[in-house]
Amino acid sequence: MTIENISQTKTFGGWHKQYVHTSNVLDCAMRFAIFLPPNASKSQPVPVLYWLSGLTCTDENFMQKAGAFRMAAELNIAIVAPDTSPRGEGVADDDAYDLGQGAGFYVNATQAPWASHYQMYDYITKELPALIESHFPVTAVKSIAGHSMGGHGALVIGLRNQESYRAISAFSPISNPMNCPWGQKAFTAYLGSDKANWRQYDATVLLAERDANLPILVDQGDADNFLAEQLKPELLVSVANKNNHELNLRMHAGYDHSYYFISSFIADHLVFHAENLYK
């Protein structure tokens, strides 16, 4: 698979680069960003943290706003940030911000008109890692993290593919999408009305139904205006505690849903991932 470099900027001794490629899984052109730390080379490949962003975001939001590069350079880990959905003129979309382009929810859609392009679960778990590992000085050792919709994606993908990841972390994740308006809307559109098909994409359900062998870190602000209606981390924690899963929820007084929150605690997440990536 060929990729095209469209931008590159040196930062903290490493490189932030953007690429485009044709995705066979999504049947459209896709863009992703990668940060490579200074010591990454063919003779010294580094592990990777995959970051999944939230509603309305692209590959640029985290890379530009999170302030992650200094610590990633020091810890010698790469960061890959994909886009949040397929895009393009032939890709189905919706006028609302929480469905369609920019709102892929990291599922494999089964319903028209979404199914022909919205296969984000397979893109993140299969196609993108294969592409990254074939083109860059990285190892197959990886972790996954995300924010909001991307936090949902990170939890679901990590829990369903525990053999492929070393750790999971999330900021303000949609913890129980089957029981919140964002999730119900997206799952109905992408997966249909049969809620049995939704369960595989709900982190709270997954934690209740299977063993979790990966450490999980979740940070949540108590001033997040989506907390009560959309995010519901208390349900995730309740199931984790009941089943003795290793999940650390940290509540932060006064913090909201924004990248101000993420940038305040991203260093903790990078250290958490580095400790597990280099075990």
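As the structure is a computational prediction, the values presented were derived from the model and not from experiment.
Of all heavy-atom pairs spanning P137 and K42, the tightest one is CB-N, 3.8 Å. Pairing each heavy atom of S169 with each of H269, the nearest pair is OG-ND1, 2.9 Å. Looking at every heavy atom in both residues, I144 comes nearest to A154 through CG2-O, 3.6 Å. Of all the heavy atoms in H21 and I3, the pair that sits closest is CB-CG2, 3.8 Å. K185 approaches D98 most closely through the heavy-atom pair NZ-OD1, 2.7 Å. In this structure, D211 and Q162 approach most closely via the heavy-atom pair O-NE2, 2.8 Å.
Annotation: side chain of N76 is in contact with side chain of Y278 (closest heavy-atom distance under 4.5 Å). Counting heavy atoms from C-beta on, the side chains of K65 and I262 never come closer than 4.5 Å. For the pair F32 and L131, the minimum side-chain heavy-atom distance is below 4.5 Å. A 4.5 Å side-chain heavy-atom check between I157 and L52 finds at least one atom pair inside the cut-off. Between D224 and L231 the shortest side-chain heavy-atom distance falls below 4.5 Å. By the 4.5 Å heavy-atom criterion applied to side chains, M71 and V271 are counted as neighbours.
Environment of OH in Y260: sparse, with no more than 12 heavy atoms of neighbouring residues, nucleotides or ligands closer than 6.0 Å. Taking a 6.0 Å sphere around CZ of R210, one finds it holds more than 12 heavy atoms contributed by other residues, nucleotides or ligands. With a 6.0 Å radius and a threshold of 12 heavy atoms from other residues, nucleotides or ligands, E163 has its CD atom above the threshold.
At a threshold of 4.0 Å, the pair D268-R250 counts as salt-bridged, since one of the basic side-chain nitrogens sits closer than that to a carboxylate oxygen.
D202 and N176 form a side-chain donor-acceptor contact under 3.5 Å, judged by distance and modelled atom types alone. For S53 and H147, the side-chain atoms include no donor-acceptor pair closer than 3.5 Å. Residues H252 and D222 bring no donor and acceptor atom of their side chains to less than 3.5 Å of each other. Judged by distance alone, the side chains of T11 and T9 never bring a donor and an acceptor atom under 3.5 Å apart. Counted by atom type alone, Q18 and D59 present one or more donor-acceptor pairs between their side chains at under 3.5 Å.
With W198 contributing its side chain and Q184 its backbone, the two residues share no donor-acceptor pair below 3.5 Å. Side chain of E127 to backbone of I124: no donor-acceptor contact under 3.5 angstrom is found. No donor-acceptor pair closer than 3.5 Å links the side chain of S148 to the backbone N or O of P173. Listed for the Q230 side chain is a donor-acceptor partner under 3.5 Å among the backbone atoms of W182. At distances below 3.5 Å, not a single donor-acceptor pair connects side-chain atoms of E209 with backbone N or O atoms of L206. Not one N or O on the side chain of Y165 forms a donor-acceptor pair closer than 3.5 Å with the backbone of L214. The closest donor-acceptor contact from the side chain of K232 to the backbone of A228 lies under 3.5 Å. Using modelled atom types, one side-chain atom of S85 and one backbone atom of G102 make a donor-acceptor pair closer than 3.5 Å. A donor-acceptor pair is defined here as one N or O able to donate and one able to accept, closer than 3.5 Å; no such pair exists between the side chain of D122 and the backbone of Q119.
Taking the ring axis of Y121 as reference, the NZ or CZ atom of R160 stays within 45° of it and closer than 6.0 Å to the ring centre.
Taking the six-membered ring for Trp and thresholds of 30 and 60 degrees, Y190 and F105 have ring planes inclined between 30 and 60 degrees apart. The aromatic rings of H16 and F69 are tilted relative to each other, their planes meeting at an angle between 30° and 60°. Using the six-membered ring where Trp is involved, H152 and F187 have ring planes that are tilted, between 30° and 60° apart.
Taking the centre of each ring, Y255 and F265 come in below the 6.0 Å mark.
When hydrophobic side chains of Ile, Leu, Val, Met, Phe, Trp and Tyr are connected at separations under 4.5 Å, F272 ends up clustered with L217.
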Using the rule given for ring pair (Phe, Tyr, Trp, His ring centres under 6.0 Å), can you reason through H257 versus F171, listing the C-alpha separation, both sets of side-chain angles and the distance that settles it, and then say yes or no?
CA-CA 8 Å; H257 200 71; F171 287 87; over 10 Å; no
